[in-house]
Each structure stands twice: as C-alpha cells, then as structure tokens.
Amino acid sequence: MIEHPRADELIEAVAGWVESIRPQLNPRDAFLSRVAVNALNAVKRELVQGPAAEAAAVARLSALLGVEGDIKALNAELCERLRRGEMGVETPGLVAALKAGIEDQIAIDQPSYVSVGSR
Amino acid sequence: MEVDIPSALAALAPKLGGTGVEKAQRLTGGASMETWAFTLVGGGEPQPLILRRRAVPMDPETSRSASMAAEAALIHAAGHAGAPVAPLVRLCEPEDGLGEGHITGFIAGETLGRKIVADPRFDGVRPHLARQCGQILARIHTIPLGATPLTTADARGELDRYEAIYRSSGAERPILELALQHLRRNLPPPLPNVVLHGDFRNGNMMFDPDRGVAAVLDWELAHVGDPAEDLGWLCVNSWRFGRADRPVGGFGDYQDLLEGYIEAGGVEIPLSRVLFWQALGSLKWGIMCLMMYSSYATGATNSVERPMIGRRVSETEIDLVNLLEAGL
C-alpha cells in the first residue's frame with residue numbers, strides 16, 4: 001500500500017531533478033550542483049544505514065571501554081583516554097574497533113572511496 | 001564583498017598590454033581561492049591568462065597562507081630554480097579592484113587528478129610522473145631560504161598548530177586523537193629546513209600528456225620546513241583519486257619519487273619519513289575539512305561546498321587507521 005513518500009524517496013527525487021538541470025548551468029553552478037547531489041545522497045544513505053551503524057558503534061565502544069553510554073558519551077570517553085595516554089595503538093582491540101566504525105561511516109559519506117592499503 | 005571580475009579585468013587590460021578582455025570565466029574548484037581564465041585582446045595575438053585571487057578574507061590566526069605577494073615571489077624563484085611554473089604577469093595592486101591576487105600566463109594541460117590517474121591520454125607519461133615529481137621537488141627545495149618571507153614549521157610545530165585547531169573545533173574524533181598522540185611520540189629526527197611548496201599534490205599541477213608536469217600551481221601554502229613534508233603530502237591517499245595502489249599521487253611508486261629526488265640533488269630520505277608525513281598529511285587534511293565545515297556551521301560562509309567537505313573527514317580517518325594498523 002502506498003501511503004506517503006519516505007524521506008529517502010523525497011531526497012532521491014530532488015537529487016534526480018538537480019542532475020536533470022545540470023547541463024543548463026554555468027561551470028561553477030554545475031560543480032556546486034554535483035556537490036549538492038553528493039550531499040543529498042549522503043543524507044539518503046545516513047537515513048537508511050545510520051541507525052544500524054550507530055548501534056554497532058555503541059556496542060563496540062562499550063565493550064572496548066567497559067562503560068555504558070550513548071555514542072557521544074562513549075566517543076568523548078575514548079578521546080579522553082587517548083589524550084591522557086591511557087590507550088594507544090598497542091591497546092588490544094582499539095585499532096580494530098576504530099576500523100570497524102570508520103568503515104561504516106565511510107560507507108555513508110563516500111562509499112566509492114578506496115582507502116590506503118586496499119587494492 | 002562581491003567583485004565584478006570581468007569588468008575589473010577589462011579596466012586592467014591596458015596595464016597588461018591589451019585593450020580588453022574576452023571569455024572571462026571562473027573555473028571550478030578551490031574553496032578559498034578563486035581561479036579565473038580570460039583572454040587579453042588588442043595587444044597583438046590574443047593572450048590566454050589566469051587570475052588567482054583570494055575569495056574569502058585571509059584570517060592570519062587560522063590560515064597559514066602566504067600573501068599573494070610572497071606567492072608571486074616564490075613562483076619567480078621556483079622558475080629560477082628550474083621548476084616548471086606559469087610565468088608571473090602581474091601582482092595585483094589595490095587599485096586594480098581585484099583584491100589580493102595575481103595574474104600568470106596560461107599553461108595548457110590537465111589539472112584534474114582523476115584524469116591524470118585514469119585517462120588513457122596519460123597512459124604513456126604516467127609511469128614517469130613520480131620520478132619527475134621527485135626531481136621537481138628537489139629543485140624547489142633549493143630555493144634560497146631568504147627568497148621571500150615565509151613561516152617555518154617542523155613536524156612538532158605542525159602537530160601543535162593542527163591540534164590547536166582541532167581542539168578549538170570542539171570535535172571528538174577518536175581516530176584523529178589517536179593519530180595526534182601517535183605521531184607526537186614518533187617524531188622523525190631533524191633535517192635541515194628547506195623552502196616547501198606546501199601543497200604539492202595531484203590536482204595542483206598542470207600535466208601535459210607528452211611532457212608530464214608542465215607547471216606547478218597553487219603556491220599559497222608555501223613555508224619552510226622538513227623536505228619530507230612535500231614528498232609525504234603528494235602521497236596522501238586523498239590525492240590518489242581512487243588509485244590507492246599507486247601511492248604517489250595515484251600515478252606512481254614511492255621508490256621512483258625518492259630516486260628522482262636524489263637524482264636532482266635532494267638529500268636521501270627514508271620511506272619511513274615520507275610515511276610519517278603522509279600520515280600527518282592525512283591528519284592535517286582531516287582537520288582542515290573540519291575547519292572548513294566550521295566556517296559553514298558558524299555562518300561565516302554559506303556555500304554547499306563547505307558543509308560537504310566536512311564529510312571528507314572520514315576518508316582521512318580510514319586512511320589513518322589503515323596506516324596505524326600497518327605499523328606506521
């Protein structure tokens with residue numbers, strides 16, 4: 001049953017329209033329109049993938065730090081321990097947890113990005 | 001303040017040796033600097049020229065840009081040192097009505113990084129580019145330290161500067177935090193300072209399909225410091241345009257870069273030192289992206305480009321994690 005357009009459908013429609021007018025734009029606006037479409041697509045991916053990515057990050061950081069909290073609090077706690085030198089690259093599980101989290105984030109921000117070390 | 005660039009250029013034409021300008025057009029790219037192409041007419045053959053001007057007022061507190069006057073002096077000195085540059089035509093005066101800027105000759109070629117790494121037109125020259133870049137950097141690094149007033153920054157100074165910017169942003173990004181701490185504990189031993197281009201990367205060079213590097217552009221981040229900084233910056237993955245497997249600019253290998261550097265008279269630099277600066281480069285670019293996003297969040301600028309650059313912080317973070325995992 002079709003009830004109302006989902007947020008990601010609205011974004012897709014707007015992105016499609018911006019794409020369609022690009023050929024009429026001057027070079028500067030054509031460039032900015034490409035940036036605008038990238039922005040809309042990132043928002044769309046965040047709507048779809050964001051909740052699961054955040055839940056996974058909360059679970060990982062809670063396990064790593066041994067404390068509970070929301071993503072903001074856990075991030076702040078981790079940063080504080082890194083600043084104080086209580087954790088570093090040698091901390092078991094730290095780099096792996098950070099890597100899993102950033103892989104989810106890049107899948108939202110720039111899914112086509114090929115990171116260093118990958119082939 | 002909006003400036004009518006085509007009109008200002010037309011008024012300036014007599015001082016450039018012509019009677020008018022045609023086809024003045026802003027080129028894409030560049031969030032802080034504007035680049036315009038135009039053709040000077042009325043002085044014999046029509047002459048294609050390039051205007052670079054500061055698009056937003058310079059903030060000496062957070063910007064490390066050299067003045068356009070210093071940039072102009074460097075372009076001259078770099079040409080003298082044997083580096084390919086677009087010749088300087090005019091350093092803009094206040095009465096030119098163009099703000100802070102300069103005009104150079106137009107060098108034909110391609111600047112788009114993704115074309116350099118992927119377009120078949122560059123297949124022939126691509127294998128030579130890393131070595132060529134090493135040679136050019138060695139020549140730039142021979143520019144006398146006193147050629148023009150520049151700021152000096154070593155690795156510790158760069159970390160201090162970018163950490164301060166990061167702290168003031170209020171962001172809490174664990175990977176940036178980890179990289180800051182790790183790089184601080186692994187500073188390379190000092191080397192004699194040299195004049196650095198400061199932004200030597202794929203995207204800031206004009207490439208010719210036959211000759212390779214035709215001109216080194218965008219000198220505004222020039223400063224004095226560790227020679228490995230320029231080599232490492234060229235290898236930052238954000239400028240490899242999808243070719244992470246070719247560490248030098250997405251077109252070549254570390255060894256060719258380092259050999260070219262020595263061939264043209266540069267000091268021997270170990271790969272580990274380049275990797276340190278590559279990681280510091282990713283960290284700096286991540287923090288710059290945060291800073292550019294801040295300029296949107298605080299209302300200082302309103303282009304769609306600025307907030308979207310904030311979404312590029314994660315690319316630097318995934319590169320940093322991979323470098324740290326590989327035992328940088």
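Just the heavy atoms: all of them, side chains too, but no hydrogens, waters or symmetry mates, feed the values below. Residue numbering restarts at 1 for every chain, and letters A, B, ... go by the order of the sequence lines. Given the structure is predicted, the values throughout are model-derived calculations rather than measurements.
- In this structure, the portions of Arg312(B) lying under 4.5 Å from any heavy atom of chain A include both its backbone and its side chain.
- Inspection of non-hydrogen atoms places Gln278(B) of residues 272-280 of chain B under 4.5 Å from chain A.
- The cationic group of Arg201(B) lies under 6.0 Å from the six-membered ring centre of Trp239(B) and within 45° of the ring axis, placing it in a cation-pi geometry.
- Under 4.0 Å is where a charged nitrogen must lie from a carboxylate oxygen, and between Arg311(B) and Glu46(A) at least one such pair does.
- At a heavy-atom separation below 4.5 angstrom, chain B is approached by Asn75(A), Ala76(A), Leu78(A), Cys79(A), Leu82(A), Arg83(A), Gly85(A), Gly88(A), Val89(A) within residues 59-92 of chain A.
- Remark: Glu305(B) engages Arg28(A) in a salt bridge, criterion side-chain N to carboxylate O under 4.0 Å.
- Taking Glu172(B), Met308(B), Arg240(B), Glu315(B) one by one and counting their heavy-atom pairs under 4.5 Å with chain A, the maximum is reached by Glu315(B).
- The contact between Ser303(B) and chain A is made entirely by side chain atoms (from C-beta outward), counting heavy-atom distances below 4.5 Å.
- By the neighbour-count criterion of 12 heavy atoms within 6.0 Å, atom CD of Gln255(B) is sparsely surrounded, having that number or fewer from other residues, nucleotides or ligands.
- Highest contact tally toward chain A, considering only Ile318(B), Val313(B), Val321(B), Leu176(B), is held by Ile318(B) [criterion: heavy-atom pairs under 4.5 Å].
- Put simply, the side chain of Asn322(B) gets close to the backbone of Val116(A): a donor and an acceptor are under 3.5 Å apart.
- With no hydrogens or angles considered, a side-chain donor-acceptor pair links Asp29(A) and Asn26(A) at under 3.5 Å.
- Side-chain contact of Trp36(B) with Glu34(B): a donor-acceptor pair under 3.5 Å is present, judged by distance alone.
- Arg173(B) has a carboxylate O that lies under 4.0 Å from a charged side-chain N of Glu317(B), or vice versa, which qualifies the two as a salt bridge.
- For Arg167(B), the part lying near chain A is the side chain, with the backbone staying farther off; criterion is any non-hydrogen pair under 4.5 Å.
- Counting only N and O atoms by type, the side chains of Asp109(A) and Ser314(B) include a donor and acceptor under 3.5 Å apart.
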